[in-house]
Amino acid sequence: MHVMDMFALNGKTAVVTGGSVGLGAQMATALAEAGANVVVAARKVDRCKEMCAKLEANGIRSIAVACDVSKEEDCQKLVDATSKEFGRVDILVNNAGISWVAESLNFPMDKWQKVMNLNVNGTFQLSAMAAKVMKEQGGGKIVNIASIGGLGGDLPENVDSVPYTASKGAVITMTKDLAVKWARYGITVNAICPGWFPTSMNDKLLEEQAVRLIPRIPLGRYGGSEDIKGLIVFLSSAASDYMTGQIVIADGGQTALV
């Protein structure tokens, strides 16, 4: 196989949760540009439909599915809708996630549970549902979106959301364990750990904190609108067939800084 053909996703079907905005939209765009049909899933289905219209400009098919990943019934509906429309689930990108900021000594436990339900429980239950389909079809690729926050602690001035960092640490370990357990079915499970990427949820905060945060990034900038595209295509394509249980960091060198 020619090396460039190894990155092609023509005829594949990808599901991207939280795929209508932010990093999810960036990854959905990349998968569509590589030739995959894309299912865009999020709680706000109107945004998903708008994203689908943009993706179809690449000559692929795309459908929108309303889905709250923390709800078991929504996850099953998403997998069923994908199978019904496209006949298979080749790629699952677990991107949906939330955070909640509060002082760690007085963190509200209902918010802790909300973060964990979506970021950890939701990621697992949707992965398991998709993996059942992938097992029957002979394989598939799951890519979890974790965070460098899941690799260790940070000052409260930088990240003051213990359930978020704890949940992303859980996703990192879950990625490794599911990779080992599902390798026998031809399913690879890898994760991407982004660093600081401005999105609609945090762009104002990152702008305010740029003087303090950017000096910690050796490349001297936040992540941009193209910086995850290559990674998601690589981990979703034949180019990464001998790679599973791995955590790929995209942080401008922040975690390499001693």
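Note that this is a predicted model, so its numbers are computed, not measured.
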I'd like to know if the side chain of T175 reaches the main chain of G245, judged simply by a donor and an acceptor atom lying under 3.5 Å from each other, with no hydrogens or angles considered. no

Would you check if there is a donor-acceptor pair between the side chains of K141 and S237 at a distance under 3.5 Å? no

Does the pair K181/D177 count as a salt bridge with the N-to-O cut at 4.0 Å? yes

Side chains of N117 and S70: is there a donor and an acceptor less than 3.5 Å apart? no

Give a yes or no on whether M1 atom CE has more than 12 heavy-atom contacts from other residues, nucleotides or ligands under 6.0 Å away. no

Check the side chains of D110 and Q113 for a donor-acceptor pair under 3.5 angstrom, ignoring hydrogens and angles. no

Do the side chains of R221 and D227 get close enough for a salt bridge, i.e. N-O under 4.0 angstrom? yes

Applying salt bridge (Lys or Arg N to Asp or Glu O under 4.0 Å), run through D90 and R88 and close with a yes or a no. CA-CA 6 Å; D90 298 294; R88 56 192 298 114; 2.7 Å; yes

Shared ILVMFWY cluster between V16 and L235, side chains joined below 4.5 angstrom? yes

Give a yes or no on whether the backbone of G11 and the side-chain of N37 come within a donor-acceptor separation of less than 3.5 Å. no

Is there a donor-acceptor contact under 3.5 Å from the side chain of Q209 to the main chain of R212? no

Residue pair L178 / S127: nearest heavy atoms and the distance that separates them: CD1-CB, 4.4 Å

Whether N95 side chain and G18 backbone form a donor-acceptor pair below 3.5 Å: yes

Using the six-membered ring wherever Trp is involved, compare the ring planes of W112 and F107 and label them parallel, tilted or perpendicular (cut-offs 30° and 60°). perpendicular

Salt-bridged, K229 to E226, with N to O below 4.0 Å? yes

Can we say R216 and D154 salt-bridge, meaning some charged N sits less than 4.0 Å from an Asp/Glu carboxylate O? yes

For V159 and T165, work out which heavy atoms get closest and say how close. CG1-CG2, 3.8 Å

For a side chain to side chain contact (heavy atoms under 4.5 Å, CB included) check, start with the C-alpha distance between S236 and L31, then their side-chain angles and the critical distance, and finish with the verdict. CA-CA 8 Å; S236 300; L31 295 169; 3.6 Å; yes

Is there a donor-acceptor contact under 3.5 Å from the side chain of Q125 to the main chain of V69? yes

